[in-house]
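Inspection log for the structure reproduced underneath, given as structure tokens.
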2 protein chains.
Amino acid sequence: MAPSETLTAERILEATEEVLRRHGPAKATVVDVARALGVSHGTVYRHFRTKATLREAVTKRWLDRTSQTLARFVTEDHDPETRLRHWLAGLFEAKRKKAGGDPELFATYSVLAEEAGEAVSDHIDELTDQLTEIVRAGVESGAFTVADPAVAARVVFQATGRFHDPSYAREWLKPGVEGEFEAMVELLVRGLR
Amino acid sequence: MAPSETLTAERILEATEEVLRRHGPAKATVVDVARALGVSHGTVYRHFRTKATLREAVTKRWLDRTSQTLARFVTEDHDPETRLRHWLAGLFEAKRKKAGGDPELFATYSVLAEEAGEAVSDHIDELTDQLTEIVRAGVESGAFTVADPAVAARVVFQATGRFHDPSYAREWLKPGVEGEFEAMVELLVRGLR
DNA sequence: GGAATGACAGATATTGAAATCTGTCAGCTG
DNA sequence: CAGCTGACAGATTTCAATATCTGTCATTCC
């Protein structure tokens with residue numbers, strides 16, 4: 001019962017990510033994944049009903065990594081405004097690092113995210129919930145003044161889209177983005193106070 | 001010297017738009033444009049050096065229509081905050097109307113805009129300049145308090161990207177966008193004051 | 001008997017040959 | 001002679017035949 005002999009969903013997802021890294025989103029097939037695992041493709045279909053399901057699962061896994069990284073800023077030991085600034089900076093930083101560090105893999109996952117409508121909107125909901133939590137704390141402490149924290153959080157998330165939406169990834173390399181990001185956060189924080 | 005006998009750049013652009021409307025961005029060829037005008041394609045090349053130049057010109061023409069629509073809000077007879085609100089609402093309205101009224105043509109121009117890097121960034125510069133003008137007036141009247149109107153204008157433009165960037169066009173149909181837009185403008189205006 | 005296999009049908013992707021397009025230019029035309 | 005034409009070379013696109021892939025399931029294997 002060595003791990004290499006038990007075929008789990010997790011092992012399939014690892015192999016899928018590897019195949020995606022190698023072949024890219026257009027050419028990565030279920031047959032490739034099965035080959036990488038040394039099983040027949042029918043076996044992969046026993047764990048994931050369709051290719052789309054498999055892709056969505058691997059995408060969700062990728063998105064969840066970001067959510068988890070950011071979760072710590074929500075409960076951080078700072079005042080709400082600082083937590084908000086850290087959370088936004090953390091989101092931008094995380095995305096920029098992913099995009100800059102392995103551009104091909106990032107492009108691959110951007111394509112997958114395009115397909116995986118629900119996984120993405122769930123992810124956005126999760127991030128917005130985290131933001132809402134911070135804004136709500138700010139309202140309670142009197143640092144922020146907004147009618148509805150959930151609405152304010154969504155607006156802040158959307159306003160900063162340029163710094164986390166993958167379709168703007170190429171902008172993240174330009175000199176001056178850092179300054180634009182600072183100015184954006186400044187304006188939004190002022191609007192919340 | 002009837003207009004139908006004089007081949008001007010403008011007539012070529014009209015024909016190009018018509019061909020794009022009919023065939024879409026992928027299949028619209030210079031030969032099609034020449035055929036629509038009843039001339040040889042060599043003649044079209046006399047007015048536009050390349051197909052890319054022609055496409056960029058027709059894109060610029062399309063973008064300029066929006067710039068002109070919005071220009072009137074800059075000098076409108078209202079206080080700066082109202083002008084800002086009108087300008088932003090006008091931008092959203094104009095884009096949404098274009099996208100909703102003729103989705104295929106909008107999709108066609110979205111593709112063209114993707115290719116025409118410089119025409120688009122010029123257009124964005126022009127819109128940002130208009131916004132800067134309004135923000136500057138607001139700072140002078142004491143309605144707004146910002147260090148640099150140009151920076152603030154760019155941030156406001158970027159923050160509202162979701163409501164004017166063509167890549168978000170499908171979001172514009174969802175119920176509730178109107179409310180999201182209002183909330184966004186509210187937060188930004190508060191941040192500027 | 002529960003998990004894995006591999007043959008299969010229909011859908012999708014690849015390939016290479018033929019058709020069309022882009023951009024040039026020498027010559028025609030009014 | 002200024003503006004237009006159409007033939008041309010090289011690049012790109014189309015199309016149809018071929019190969020591969022997706023998803024199923026009767027059978028095999030441990």
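These figures come from a predicted structure and were not determined experimentally. Every heavy atom of this structure was used, including side-chain atoms; hydrogens, water molecules and symmetry mates were not. Residue numbers start from 1 in every chain, and the chains themselves are labelled A, B, ... in the order their sequence lines are given, proteins ahead of strands.
Rounded to an integer number of Å, the gap from CG of B:Leu54 to P of C:dG23 is 10 Å. To the nearest angstrom, C1' of D:dG3 lies 8 Å from NE2 of B:His47. In this structure, CD1 of B:Ile12 is placed 13 Å from P of D:dG3, rounded to the nearest angstrom. One can place CZ of B:Arg46 at 5 Å from C1' of D:dG3, the figure rounded to the nearest angstrom. One atom, CG of B:Leu7, and another, P of D:dG3, lie 11 Å apart when rounded to the nearest Å. Counting to the nearest Å, the P atom of D:dG3 and the CZ atom of B:Arg11 are 16 Å from each other. Summarising the geometry, the separation between NZ on B:Lys51 and C1' on C:dT22 is reported as 8 Å, rounded to the nearest angstrom.
Side-chain proximity of A:Tyr45 to C:dT24, D:dT22, C:dA4: nearest is D:dT22. When distances are taken from the side chain of B:Thr50 to each of C:dG23, C:dA4, D:dT22, the shortest belongs to C:dG23.
A distance of 6.0 Å or more separates the ring centres of A:His78 and A:Phe73.
Under 4.0 Å is where a charged nitrogen must lie from a carboxylate oxygen, and between A:Arg21 and A:Asp102 at least one such pair does. Salt bridge annotation for B:Glu81-B:Arg85: present, with a cationic side-chain nitrogen under 4.0 angstrom from a carboxylate oxygen.
Under the 30°/60° scheme for interplanar angles, the aromatic rings of A:Trp172 and A:Phe106 are found to stand perpendicular.
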Name the atoms and distances for all side-chain donor-acceptor pairs under 3.5 Å in residues 144-156 of chain B, with sequence neighbours left out.
{"unit_1": "B:Asp148", "atom_1": "OD1", "unit_2": "B:Ala150", "atom_2": "N", "d": "2.9"}
{"unit_1": "B:Arg154", "atom_1": "NE", "unit_2": "A:Glu180", "atom_2": "OE2", "d": "3.3"}

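On a pure distance criterion of 3.5 Å, a polar donor-acceptor pair joins the side chain of B:His41 and the base of C:dG23.
Of all the residues in residues 18-40 of chain B, B:Thr29, B:Val30, B:Val31 reach under 4.0 Å from DNA chain C with at least one non-hydrogen atom.
With rounding to the nearest 0.5 angstrom, the CG atom of A:Asp165 is 11.0 Å from the CD atom of A:Gln158.
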